[in-house]
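Here's the structure we're looking at; comments come further down.
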Amino acid sequence: MSIGQLYKHRSLGLSDDEAVRMYTVMSLVTKFDERAFMLQRAGKIPFHVSGMGQYAGQVGMAFAMQAQKDYFLPYYRDYAFVLSVGMTVKDLMLAIFCKAEDVNSGGRQMAGHFGDRKNHIVTASSPVTTQVPHAAGIALAAKMKKQDFVTFVSFGEGSSNQGDFHEGCNFAGVHKLPVIFVCENNQYAISVPLHKQVAGKIADRAVGYGFPGVQVDGTDVLEMYRVTKEARERALRGEGPTLIEMLCYRIMPHSTSDDDMLYRTKEEVEENRKKDGILKFKEYLIACELWSEEQDLALQERQKQEVNDATKYADLAPYPKPEDTLLHVYAEGDGK
């Protein structure tokens, strides 16, 4: 690593402590993800969708946003993002166990459908991409009320072919709304490779809607931070949206219901596993003398215990009561 590459975080306005905190979130979400996969295989939880390979980029973007002020509409792989903006491992465990204390939906939504009012995380629905026009609508409200927050919405590259994506982008472009659109391009929409579903660059589509589009290495946490920070500042200046195409790779199968060896090879997966941004950022911190292998071993032990504690708590927590099935589904009161 060259001298010019060291301490890049400082030039971006990040403190040493913030840079280390970025890495600790990446490490923690990895442990959560690995545990969730094991829990599903053991029959403890019904389903899990992994975000391995995308977490470095998610952390970079989340740190560029303002928690509990901006509004977030993440998609179902954004575990590192929601951890970065205020959710906890216990929150995530309660969700995948489908328990009543789940802050997302009281245990009534699929895992990965995040929703947390306190942290301004807006619940997405199961049909993919529907959160994109919702994000544009929230951004319109910010503009109409002259409130200085930005809306962040993310989705996969398969979703970028859906009508909701184009309608949301067009509306936001016409009205110059303070919204950041993020396509986490992980190369596969379930089993369909990128070259069979996308012609050209997804980032280039922004030109047709009158705002900038940028393609970024999603394994570079600091570059993702820089680009997202610039997009947020641009939105706050009233200059409108930005489309960020985050290039990454989905290391795990699409979900625990998927056999990814039917459409790609182990060699391809392992080659991309070595390029994971979490490993690269750890090496960066060590080179900057902000981290060490000894500190890392201690961190792994602390986080392992944190995940163990969250798992035990969620496993023993009660399930939703049958009589509460329709709770919060319909409006209550006399309608006045």
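Values below: all heavy atoms of this structure, side chains included; hydrogens, waters and symmetry mates excluded.
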Open item on the list: Suppose we screen for salt bridge (Lys or Arg N to Asp or Glu O under 4.0 Å). Which residues come up paired with R205, at least two apart in sequence or across chains?
Closed with: none

Task: Parallel, tilted or perpendicular, as decided by the 30° and 60° cut-offs, for the rings of F281 and Y284 - done: parallel

Task: V82 side chain near D116 side chain, heavy-atom distance below 4.5 Å - done: no

Task: Donor-acceptor side-chain pairing of E157 and Q187 below 3.5 angstrom - done: no

Open item on the list: Here's one to test your reading of the geometry: is the NZ or CZ of K282 within 45 degrees of the ring axis of Y23 and under 6.0 Å from its centre?
Closed with: no

TODO: May I ask you to decide if H195's main-chain N or O and Q197's side chain share a donor-acceptor pair within less than 3.5 Å?
DONE: no

TODO: Please round to the nearest 0.5 Å and tell me the distance separating atom NE2 of H9 and atom CG of L14.
DONE: 7.0 Å

Task: Electrostatic pair E239-R237, nearest N-O below 4.0 angstrom - done: yes

- [ ] Just grab all the ring pair (Phe, Tyr, Trp, His ring centres under 6.0 Å) pairs involving residues 229-263, residues at least two apart or on different chains.
- [x] Y188-Y263

Task: SB check D220 K280 (cutoff 4.0 Å) - done: no

- [ ] Answer with yes or no whether the side chains of Y55 and D276 bring together a donor and an acceptor at under 3.5 Å.
- [x] no

Task: Student check: side-chain heavy atoms of T30 and E34 closer than 4.5 Å - done: yes

TODO: Say whether D258 and S255, considering side chains only, have a donor N or O and an acceptor N or O under 3.5 Å apart.
DONE: no

- [ ] Give the ring-plane orientation class for Y79 versus H48, where under 30° counts as parallel, over 60° as perpendicular and anything between as tilted.
- [x] tilted

